[in-house]
Amino acid sequence: MLAEEYPASLERRPGQLLRAADATAADLDGLLAAAGVASTDELRVLAAREMGLRLAEPDLRFTSREPHSEPRERSALRRMIAAEEDNLRRTLADLQANGALEVAAAALLRARRRWVLGDLKSAGYASLLASDLTSSMRDVFLVQPATGAAVNAISDAHADDALVVFSFRNYSRLTVDVAREFHALGASVIALTDSYTSPVCSFASHVLAVDTRSESPHHSPTAVAAAAHVLAALAAAGAKGAVRRSRRRAEVFDSLGSYGLGRPASAAPGTLGSFGGAPGLPEPAADGPDT
């Protein structure tokens, strides 16, 4: 399709070329990967810098008109929700089938210390995971996405430690470099990433592949957050004293006055029956995992 009308074909949007060629988004991803380009955005930058070409921008599919009478906003919402549900279902099914989550959780449990890193948009995922892990186990450290913090973490790391990294397109060089250094130390590196061919996989002991396809120009966070949450829950299920630690943390938060706004009238201070603002849920067993 590119060759037929070259160079005029370069002015057509990627989505138009895919439809005309009866190809899929995966075909386009494979073509870009073969060319050594991470995304169509990077291809546009390279074309402008090296060849002086201005390529058409990718389709914003959620703004396209559909040939039926459904309002554009409604059809966009329907497609976006369907895509997020598919991402979540496919990712969790694959991770359950290959056992990657259980193996990664076991590596976290065996570790002397647990480090968590995410750069750019992934910094939010890292913060969420670190918070979940901290509630059930000790020695969890969130590495700030800065060179100084990364140097400190690498300097303090040990072969018995584990590092969890989040790495998605466009891949952060800092994240890959830190994963490489932890791998060189002999530490376990757990990578949540969007492909088994992403740069961080070369240094990962465990790869949790997450589907991040989206109807928007940005990668989808839905399956990423879910996979990280399940990983933390599995680790908590096997951690000794996880329930006791969680209860103690809740008591300390109560004593410091950090919680309380919006607490149901039936909830007494120090109890977990309505923890998280969900009245009516049963309390976890005192001697079992709190997952």
Side-chain angles (χ1 to χ4, degrees), residues 1-66 72 75-76 79-80 82-84 86-87 90-91 94 117-126 145 147 165-180 191-204 207-224 227:
M1 294 308 303
L2 285 169
E4 280 186 4
E5 303 174 6
Y6 184 86
S9 59
L10 297 178
E11 298 178 359
R12 302 179 66 182
R13 296 182 183 276
Q16 295 172 329
L17 290 168
L18 287 177
R19 287 190 290 272
D22 196 23
T24 66
D27 294 327
L28 179 58
D29 286 343
L31 197 61
L32 292 171
V37 181
S39 66
T40 53
D41 288 336
E42 184 176 332
L43 181 61
R44 291 176 60 248
V45 172
L46 288 174
R49 183 173 68 238
E50 298 179 5
M51 302 184 66
L53 295 175
R54 183 174 180 178
L55 304 185
E57 296 190 18
D59 286 309
L60 300 181
R61 288 172 289 166
F62 57 88
T63 62
S64 63
R65 296 186 179 274
E66 297 213 347
R72 182 172 57 185
S75 65
R79 289 198 308 276
M80 292 181 71
E84 297 303 319
D86 288 343
N87 283 355
R90 187 162 41 244
T91 295
D94 289 346
L117 170 64
D119 195 7
L120 306 174
K121 181 177 178 178
S122 296
Y125 306 141
T147 301
V165 294
F166 294 83
S167 182
F168 302 97
R169 292 181 180 177
N170 293 318
Y171 305 106
S172 162
R173 182 178 297 276
L174 175 66
T175 301
V176 175
D177 288 344
V178 172
R180 184 190 65 232
L192 283 88
T193 186
D194 51 12
S195 170
Y196 287 106
T197 60
S198 71
V200 76
C201 292
S202 299
F203 312 108
V207 177
L208 305 182
V210 180
D211 197 330
T212 61
R213 285 177 289 185
S214 174
E215 288 286 316
S216 79
H218 312 290
H219 76 254
S220 168
T222 305
V224 181

Next item on the list: Applying side-chain contact (heavy atoms from CB on, under 4.5 Å), run through Cys201 and Thr193 and close with a yes or a no.
Entry: CA-CA 8 Å; Cys201 292; Thr193 186; 3.9 Å; yes
Notebook entry, point to check: Does the side-chain contact (heavy atoms from CB on, under 4.5 Å) test come out yes or no for Phe166 and Val210, once each step is laid out?
Noted result: CA-CA 10 Å; Phe166 294 83; Val210 180; over 6 Å; no
Check: How far apart are the C-alpha atoms of Phe168 and Val224, what are their side-chain angles, what is the distance that settles it, and do they pass the side-chain contact (heavy atoms from CB on, under 4.5 Å) test?
Finding: CA-CA 10 Å; Phe168 302 97; Val224 181; 3.6 Å; yes
Note to self: Test side-chain contact (heavy atoms from CB on, under 4.5 Å) on Tyr125 and Leu192; report intermediate values, then the result.
What the structure shows: CA-CA 10 Å; Tyr125 306 141; Leu192 283 88; over 6 Å; no
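Scored by the salt bridge (charged side-chain N to carboxylate O under 4.0 Å, His left out) test, Asp119 finds no partners at all (sequence neighbours excluded). Ser195 is linked by a side chain to side chain donor-acceptor pair (under 3.5 Å) to Thr197, counting only residues two or more places apart in sequence or in another chain. Under the side chain to side chain donor-acceptor pair (under 3.5 Å) criterion, Ser167 pairs with no residue, sequence neighbours left out. When the salt bridge (charged side-chain N to carboxylate O under 4.0 Å, His left out) test is applied to Asp177, the partners found at least two apart in sequence or on another chain are Arg180. Not counting sequence neighbours, Thr91 has no partner by the side chain to side chain donor-acceptor pair (under 3.5 Å) test. Here Arg90 pairs with Asp86, Asn87, Asp94, Asp211, Arg213 under the side chain to side chain contact (heavy atoms under 4.5 Å, CB included) rule; sequence neighbours left out.
Residues Ser220 and Ser214 come closest through the heavy atom pair N-CB, 3.9 Å.
Side-chain atoms of Lys121 do not come within 3.5 Å of backbone N or O of Pro221 as any donor-acceptor pair.
At a threshold of 4.5 Å between non-hydrogen side-chain atoms, the residues Arg169 and Asp194 count as touching. Side chains of Val207 and Tyr196 form a contact here, defined as non-hydrogen atoms less than 4.5 Å apart.
Taking CG of Asn170 as the start and CG of Leu120 as the end, the distance is 9.0 Å to the nearest 0.5 Å.
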